[in-house]
Amino acid sequence: MPTQPPGSIDHALTRTRVFQGDYTPAHLEASRARLARDLTELTWMGLLMADQGRGARRRTPTALHEQAAHRLWELSQNVITDSEAACRLARFHADRDPGGALTFACLLDLADREEGAQFWWLFAAGAGNPTSALCLYFLHLRRGELRDADFWASQLAVLDREVGQYTPVGHSAITPGAPGAGITMRFEAPGDDTYVPDDAVKNAVRYLAVEGDDELGNIPQPSAALAHRLEDLLTR
């Protein structure tokens, strides 16, 4: 019998075949759980791959965590290039504006400072910002933490009811219907192709002050100059 390609439904079913009399009920239950997990990943992957946005600039990832990383990169780029991004950053430094926290966290993640990004996305989501919940959704998918990703998809549906929140990127919920897949989110990327090179983002946040957090380590803090740096990057 020909070998099924990895990442296909036929491959998932082949991996879960159980022959009568050869296995105990425990083996059968484990096979069912493995099938549900594989179908969940296939569903997430299909939805992510169908919503590429501005994916032409980079190679198309194939693994679920790679595709989620690609989508989070796109989402963060869309946030920091929004027309209000620099203004929100300035407000964040002055009064901890949740929309500014979202922008700041996206800058940190683009600069490979994941712990700080997660801290400020959590801060913004806790203050009612739905786009931060979307970022956390992709962050957990990038790590392969499907249950946590599903939690943030559910939270996003709740936060979408908040009035007056800053949502620079449109998004929508999808119910895929696969076993255990929960709610899946996609966002609507703008039509333009504006983005900031990752190295430029790293340089912009390189000298930020940090404060210690018991769980997430050293957390970068915003500065008054950062908003001006972002404006400079967007006008080059």
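Just so we're clear, the structure is a prediction, and the values are computed from it rather than from any experiment.
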### Task
Measure across A204 and R229 and return the closest heavy-atom pair with its distance rounded to 0.1 Å.
O-NH1, 2.7 Å
### Message
Taking the side chain as everything from C-beta on, heavy atoms only, tell me whether D198 gets closer than 4.5 Å to D112.
### Response
no
### Message
For a 4.5 angstrom cut-off between non-hydrogen side-chain atoms, does H65 reach L141?
### Response
no
### Message
Is any side-chain heavy atom of L107 closer than 4.5 Å to one of L226?
### Response
yes
#### Entry: Atom pair CG (L75) and CG (L139), whose distance is rounded to the nearest 0.5 Å
11.5 Å
## Note on the structure
All heavy atoms of N129 vs all of Q165, minimum pair found to be CA-OE1, 3.4 Å
### Task
Step by step, work out the side-chain hydrogen bond (donor to acceptor under 3.5 Å, both in side chains) result for D160 and H171.
CA-CA 10 Å; D160 273 337; H171 54 264; 2.7 Å; yes
#### Entry: Rounded distance (nearest 0.5 Å) linking atom CD1 of I219 with atom CD of Q221
8.0 Å
### Over all atoms of both residues, closest heavy-atom pair of L136 and L122
CD1-CD2, 3.8 Å
### Task
Please identify each residue that fulfils side-chain hydrogen bond (donor to acceptor under 3.5 Å, both in side chains) with E231, with sequence neighbours left out.
none
### Message
Would you say that F119 contacts L108 through its side chain, given a criterion of any heavy-atom pair below 4.5 Å between the two side chains?
### Response
no
### Query
Which distance, rounded to the nearest 0.5 Å, do you find between the CZ of F138 and the CD of Q67?
9.0 Å
### Message
Could you check whether any side-chain heavy atom of L156 comes within less than 4.5 Å of a side-chain heavy atom of Y137, counting everything from C-beta outward?
### Response
no
### Query
Got a second to check how far D148's CG is from Q155's CD, nearest 0.5 Å?
11.5 Å
### Query
Would a 4.5 Å heavy-atom cut-off, applied to side chains only, mark C135 and C106 as touching?
yes
## Note on the structure
Heavy-atom closest pair (P220 atom, V210 atom, distance to 0.1 Å) is CA-CG1, 3.9 Å
### Query
Taking all atoms of both residues into account, what is the closest heavy-atom pair of T167 and P130, and its distance?
CG2-CG, 3.3 Å
#### Entry: Check against side-chain hydrogen bond (donor to acceptor under 3.5 Å, both in side chains), W73 and D109
CA-CA 8 Å; W73 180 86; D109 197 63; over 6 Å; no
#### Entry: Ring-face cation of R88 near Y166 (centre distance under 6.0 Å, axis angle within 45°)
yes
#### Entry: Heavy-atom closest pair, residues A86 and L230
N-CD2, 4.0 Å
### Carboxylate-amine/guanidinium contact E114 R142, below 4.0 Å
yes
### Query
What about the rings of W120 and F92, do their centers lie closer together than 6.0 Å?
yes
#### Entry: Between OH on residue Y195 and OG on residue S76, distance to nearest 0.5 Å
15.0 Å
### Query
So, do L208 and F104 sit near enough that their side-chain heavy atoms are less than 4.5 Å apart?
yes
### Minimum side-chain heavy-atom gap L110-V196 below 4.5 Å
no
### Query
In Å and rounded to the nearest 0.5 Å, what is the CD to CG distance from E84 to D97?
9.5 Å
### Test item: E115 side-chain N/O and R113 main-chain N/O as donor-acceptor pair under 3.5 Å
no
